[in-house]
Enquirer: 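Handing you this structure, nothing more for now.
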Amino acid sequence: MATELKGLTKRSENYSKWYNELVVNAELAEQAPVRGCMVIKPYGYAIWEKIQRILDDKFKETGHQNAYFPLLIPKSYLSREAEHVEGFAKECAVVTHYRLKNAEDGSGVVVDPSAKLEEELIIRPTSETIIWSTYKNWIKSYRDLPILCNQWANVMRWEMRPRLFLRTAEFLWQEGHTAHATREEAEAEARRMQEVYADFAEKYMALPVIRGVKSETERFAGALDTYTIESMTQDGKALQCGTSHFLGQNFAKAFGVQFVDRENKLDYVWATSWGVSTRLMGALIMAHSDDNGLVLPPKLAPVQVVIVPIYKTTDELSAISDKVKSIVEGLKARGISVKYDDADNKRPGFKFADYEVKGIPVRLVLGMRDLQNGTLELMRRDTLQKETLSLEGIDAKIETLLDDIQNNIFNKALKYREERTVEVDSYEEFKTQIENGRFVLAHWDGTAETEAKIKEETKATIRCLPFGLDETPGKCVCTGAPSARRVLFARSY
RNA sequence: CGGGAUGUAGUUCAGUCCGGUAGAAUACCUGGUUUGGGACCAGGGGGUCGCAGGUUCGAAUCCUGUCAUCCCGACCA
């Protein structure tokens, strides 16, 4: 994979190649020497930390607490919930031994065959099973409910075809697991967390999402309902950005988690689980980037403003640096993060290009010309427009501008999606529009057979049954059978 | 796991058909000049050609095997 290419390959050539180069060149991540895994570099991780911090605050506001559960899960735990096994038993990493020893021929270390585990351990693909086996000990009465826990962790799924951020074998995420006394409360929780995710995506990531519920086929293994938020990437595919599952009593029954209610009757608890992952970073990159590189929404940019000096001599530099100092202070006072890049081993042109690839929202340039005129040059990353501004009141202007950029990026992505979302009533047009990378709203007869047929023939899947949309009945686009409502079809990552 | 492709310098790749001294660009190091859009000049370091066999006087190149990676599917946040 390219690490030192100067420019980015234009999107038209090959979208996934362009995407990979973007991720690597913007110093977000690179492929690890372990199959399907990635190294998240400091700049990429700084963005993830921002996402974490904001979401974690939201979870606390909604009454959740963080906890931590083990990485390794006894294999038998995964056998208890039949549907869950169907969905997850397959692509998992398995720990079979607990010791290495030196090879007799001196060629290094080998697995010690005498250190075989009685029961194999599974590296968590998700934590429902270990958490519910733990909750069993925590829950006796309705007074112990609800339990509202979240965990920040890594998980591992032995994916067949990894892509940086979008699908890696190991990924970072948060998983919330809650236990409730009533069905209504659990369903409300699942819906509430879906809305927390949607709000975060739109307000902070500037990422418009479609809220909806998954079809039975696309549902999480073991859930009664899977609520989703779906975004559109610039190549017209759908990307599931977050999920919130209403698990019913399935896991409680599988792990024997019962409680005594107010009427002194024994009942199984109602559950939810919900998560977002480092895939959000992929969604961000896929949605906003252009051929000059990453475009970060100001609310997630680790550095919101970068200042580049233009100078010939050290005297000029110190004159400029003096002036910059007051600008930096003014911006910091408004809570804006600023970097002054006075490194003398890179030329200004290199810095300009580099910060564009990294997606820094605002770039300020100061040279001797500006010092004489009391001005500076400002460029906004989203439109690449440059203007020369007076230093007077610059910090206030930038504060407003950052909001403008945040809104502009969101509106641009929203417009892009709306222009590429179509209602379709014939199967021929359905195929054409899917081929063109459109979100297609079409009638569906509600059967898994039709869903499978459409997937087979067009590679499109039902992304969700969207909320807040016209729900008038019609005829299935594929079979002509009666349909309750339009659903969202698209190809997806 | 099926279909296709590729493994050569840190990186991107040429050289392989037709066997004969290991190449380019870029990155890196040194010195100088530069600095308002990815600098230039001069010099320098760096590769058991994925791995293992075989054919040959001689293999990056031909043959056999093997491993790995990438792309298109299947799986999936």
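No hydrogens, no waters, no symmetry mates; every other heavy atom, side chains included, goes into these values. Every chain is numbered from 1, with letters handed out A, B, ... down the list of sequences.
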Enquirer: Between protein and nucleic acid, restricted to nucleotides 31-35 of chain B and to nitrogen or oxygen atoms under 3.5 Å apart, what atom pairs and distances do you find?
Expert:
residue: B:U35; atom: O4'; partner: A:Arg347; partner atom: NH2; Å: 3.4

Enquirer: Mind checking the P distance from B:A52 to B:A14? Whole angstroms is fine.
Expert: 24 Å
Enquirer: Sort and list the pairs that fulfil salt bridge (charged side-chain N to carboxylate O under 4.0 Å, His left out) and have at least one residue in residues 159-168 of chain A, not counting sequence neighbours.
Expert: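 Not a single pair qualifies under salt bridge (charged side-chain N to carboxylate O under 4.0 Å, His left out).
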Enquirer: P atom, B:G32 versus B:G38: distance in rounded Å?
Expert: 24 Å
Enquirer: Sticking with atom C1', work out how far B:A59 lies from B:C51, rounded to a whole angstrom.
Expert: 15 Å
Enquirer: Looking only at the side chain of A:Ala353 (C-beta and beyond, no hydrogens), which of the listed nucleotides B:G36, B:C76, B:G37 gets closest?
Expert: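 The listed nucleotide nearest to A:Ala353's side chain is B:G37.
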Enquirer: For atom C1', what is the distance between B:C28 and B:C71, given to the nearest Å?
Expert: 32 Å
Enquirer: Looking at A:Phe246, A:Tyr227, A:Phe59, which one forms a ring-ring contact (aromatic ring centres under 6.0 Å, His included) with A:Trp274?
Expert: A:Phe59
Enquirer: Contacts to RNA chain B from residues 377-388 of chain A, heavy-atom cutoff under 4.0 Å, which residues?
Expert: A:Glu377, A:Met379, A:Lys386
Enquirer: Could you measure between the two C1' atoms, the one in B:U56 and the one in B:G20, and give it in whole Å?
Expert: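 To the nearest whole Å, 12 Å.
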Enquirer: Take atom C1' in B:G7 and the same atom in B:C13, then report the distance between them in whole Å.
Expert: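 These two C1' atoms come out 12 Å apart once rounded.
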Enquirer: Can you tell me the Watson-Crick or wobble partner of B:A77, both distances under 3.5 angstrom?
Expert: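 Its partner is none (no Watson-Crick or G-U wobble pair with both distances under 3.5 Å).
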Enquirer: How is A:Gln240 classified with respect to the nucleic acid when contacts are heavy atoms under 4.0 Å: base, sugar-phosphate, or nothing?
Expert: sugar-phosphate
Enquirer: Quick test of the criterion, 5.5 Å between centres and less than 30° between planes. Is A:Trp173 stacked on B:A77 or not?
Expert: no
Enquirer: Give me the distance, rounded to whole Å, that separates B:U66 from B:C1 when you measure between the P atoms they each carry.
Expert: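 Each nucleotide's P atom is 12 Å from the other's.
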Enquirer: Determine the contact category for A:Arg161: base if any of its heavy atoms lies under 4.0 Å from a base atom, sugar-phosphate if only primed atoms, P, OP1 or OP2 are that close, otherwise nothing.
Expert: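 The answer is base, as A:Arg161 lies within the cut-off (heavy atoms under 4.0 Å) of a base atom.
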Enquirer: Tell which nucleotide pairs with B:U48, taking only Watson-Crick or G-U wobble pairs whose two distances are both under 3.5 angstrom.
Expert: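 None - no nucleotide pairs with B:U48, as no candidate has both distances under 3.5 Å.
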Enquirer: For the residue pair A:Phe251 and A:Phe220, does the interplanar ring angle fall in the parallel (under 30°), tilted (30 to 60°) or perpendicular (over 60°) class?
Expert: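 Parallel.
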